[in-house]
S.K.: 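So that we are looking at the same thing, I have put the structure below in structure tokens.
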Amino acid sequence: MNRMRFLVTAGPTREPIDPVRYMTNRSSGRMGYALAGAARHEGHEVVLISGPTTLDVPPGVDFIHVETAQQMYEAVRDMVRDVDVAILSAAVADYRPVHVAQQKIKKSEGRVLLELERTPDILASMREEFSFTGVLVGFAAETQHLISNAREKLLRKGCDMIVANDVSQPGIGFGSTENEVTLVLPDREIQLPRESKEWLAMRIVEHALTLLP
Ligand code: C5P
């Protein structure tokens, strides 16, 4: 196999509310770091664009740290040229506060309303906005209708493969060391066994490489 260029997104994003507060989610980043490590282990060039995690960057991987969805969007846009395989596994925040307070919001009696707006959808920007023509792999974390939702995402976001993750099952997915996923391809589905994220990452990288033209 020739040396290919991989781009991987991982981890959560942090969307600031004021200088000391932010919105985020339970993503540990483990699946994405395992994917970056697996691709590197197979001898490929890897850039990992990640939100804040406690993980060590796999050796030999180029690393870009970001905080917000907007920063992740810009980093992907700037790095995507000449990439052969893009695996977008980050748990990007779907919403961010419309206004970021310049000073810490003081507490007072009564309720506070936080107005939120959509963040850019990085995966959905890959084909048209970023003119990406390589193998595109997305993730779908769902609690119901896993395969049909993943298949819809595959078509709508122009992906070649969706890694579908049932996050309603205890012990897998967000924050766990193990996962159980189904690879959803245009013409078939491949159910992988419950395994470590490192083992699954190797299978996902292998499958992605078979999709290269
Ligand atoms: O539509 P949904 O958020 O469920 O899609 C999940 C997939 O889209 C994941 O691959 C995730 O990394 C990607 N995504 C993204 N940018 C967003 C939201 C999701 O790249 N703003």
Side-chain angles (χ1 to χ4, degrees), residues 6-16 22-36 38-39 46-53 55 64-80 83 85-98 116-132 134-168 172-175 179 181-186 197 200-201 204-205 207-208 211:
F6 277 71
L7 181 152
V8 178
T9 70
T13 64
R14 271 183 192 171
E15 309 301 329
Y22 54 78
M23 297 172 52
T24 189
N25 59 64
R26 292 182 187 281
S27 168
S28 66
R30 280 203 190 97
M31 194 67 239
Y33 279 56
L35 287 160
V46 183
V47 58
L48 172 62
I49 300 170
S50 176
T53 76
L55 304 171
I64 299 176
H65 170 83
V66 297
E67 295 255 334
T68 65
Q70 183 63 31
Q71 288 168 358
M72 187 173 280
Y73 172 91
E74 288 168 16
V76 172
R77 181 195 61 200
D78 294 348
M79 297 307 294
V80 79
V83 163
V85 181
I87 308 181
L88 272 54
S89 71
V92 184
D94 292 322
Y95 293 94
R96 66 184 168 209
V98 176
L116 305 177
E117 64 185 4
R118 287 292 304 270
T119 55
D121 189 325
I122 303 165
L123 183 56
S125 305
M126 292 291 281
R127 292 300 189 201
E128 288 192 9
E129 281 174 59
F130 301 165
S131 308
F132 178 67
V135 173
L136 184 58
V137 181
F139 273 65
E142 306 283 351
T143 55
Q144 54 180 352
H145 311 304
L146 179 65
I147 302 302
S148 57
N149 279 333
R151 198 160 279 297
E152 182 273 329
K153 208 161 285 182
L154 181 87
L155 295 174
R156 181 165 47 84
K157 299 195 184 190
C159 296
D160 300 299
M161 179 164 87
I162 290 279
V163 181
N165 202 173
D166 181 350
V167 287
S168 69
I172 60 168
F174 271 23
N179 209 353
V181 300
T182 304
L183 306 184
V184 178
L185 298 141
K197 289 182 175 175
L200 291 166
I204 293 166
V205 165
H207 274 286
L211 302 174

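In each ligand, atom 1 is the first atom listed, and ligand 1 is the first ligand listed.
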S.K.: Please determine which of Ile204, Ile87, Val135 meets the side chain to side chain contact (heavy atoms under 4.5 Å, CB included) test together with Met161.
M.R.: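 With Met161 as partner, Ile204, Ile87, Val135 yield a single side chain to side chain contact (heavy atoms under 4.5 Å, CB included), made by Ile204.
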
S.K.: So do the side chains of Arg26 and Pro12 get within less than 4.5 Å of each other, counting heavy atoms only?
M.R.: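 Counting from C-beta outward, Arg26 and Pro12 never come under 4.5 Å.
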
S.K.: May I ask you to check if ligand 1 and Leu123 share an N or O to N or O distance below 3.5 Å?
M.R.: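 Between Leu123 and ligand 1, an N or O pair is found under 3.5 Å apart.
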
S.K.: Say whether Val92, considering both its backbone and side-chain N or O atoms, lies within less than 3.5 Å of an N or O atom on ligand 1.
M.R.: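 For ligand 1, there is no N or O atom that lies under 3.5 Å from one belonging to Val92.
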
S.K.: Side-chain contact, heavy-atom cut-off 4.5 Å: Leu48 with Val8?
M.R.: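 Yes, side chains in contact.
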
S.K.: Ligand 1 and Lys157, any nitrogen or oxygen pair closer than 3.5 angstrom?
M.R.: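 For ligand 1, there is an N or O atom that lies under 3.5 Å from one belonging to Lys157.
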
S.K.: Flag Ala140 as yes when one of its N or O atoms lies below 3.5 Å from any N or O atom of ligand 1, and as no otherwise.
M.R.: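 Checking ligand 1 against Ala140, no N or O pair falls under 3.5 Å apart.
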
S.K.: Among all protein heavy atoms, pick the one closest to atom 14 (N) of ligand 1 and tell me residue, atom and distance.
M.R.: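 Sorting protein heavy atoms by distance from atom 14 (N) of ligand 1 puts Asp121 OD1, 3.9 Å first.
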
S.K.: Starting from atom 11 (C) of ligand 1, find the nearest protein heavy-atom neighbour and note its residue, name and distance.
M.R.: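 Its nearest protein heavy-atom neighbour is Ala90 O, 3.3 Å.
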
S.K.: Check whether any side-chain heavy atom of Cys159 sits under 4.5 Å from a side-chain heavy atom of Arg127, and report yes or no.
M.R.: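 Side-chain contact under 4.5 Å: no.
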
S.K.: Write out the residue and atom name of the closest protein heavy atom to atom 10 (O) of ligand 1, then the distance separating them to 0.1 Å.
M.R.: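 I find the closest protein heavy atom is Leu88 O, 2.5 Å.
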
S.K.: So is Pro120 close enough to ligand 1, meaning a heavy atom under 4.0 angstrom away?
M.R.: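 It does, in that a heavy atom of Pro120 comes within the 4.0 Å cut-off of ligand 1.
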
S.K.: Using the side-chain hydrogen bond (donor to acceptor under 3.5 Å, both in side chains) rule, take Tyr73 and Ser125 through it: C-alpha gap first, then chi angles, then the decisive distance, then the call.
M.R.: CA-CA 9 Å; Tyr73 172 91; Ser125 305; 4.6 Å; no

S.K.: Judging by distance only, is a nitrogen or oxygen of Phe139 under 3.5 angstrom from one on ligand 1?
M.R.: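 Yes, Phe139 has an N/O under 3.5 Å of an N/O on ligand 1.
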
S.K.: Does CD in Glu117 sit with more than 12 non-hydrogen atoms of other residues, nucleotides or ligands closer than 6.0 Å?
M.R.: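 Enclosed.
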
S.K.: Find out whether Val163 and Ser89 are in side-chain contact, i.e. whether some heavy atom of one side chain is under 4.5 Å from a heavy atom of the other.
M.R.: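 Answer no - side chains too far apart.
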
S.K.: Under 4.0 Å from a heavy atom of Ile122: give me the atoms of ligand 1 that qualify, with their elements.
M.R.: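 Matching atoms, with element in brackets: 15 (C), 16 (N), 17 (C), 20 (O), 21 (N).
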
S.K.: Go through ligand 1 atom by atom and flag the ones less than 4.0 Å from a non-hydrogen atom of Gly138.
M.R.: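 Ligand 1 atoms under the 4.0 Å threshold to Gly138: 10 (O).
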
S.K.: Any nitrogen or oxygen of Lys153, main chain or side chain, under 3.5 Å from a nitrogen or oxygen of ligand 1?
M.R.: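 Checking ligand 1 against Lys153, an N or O pair does fall under 3.5 Å apart.
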
S.K.: OH of Tyr22: more than 12 outside heavy atoms within 6.0 angstrom?
M.R.: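 Open: at most 12 neighbouring heavy atoms sit under 6.0 Å from OH of Tyr22.
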
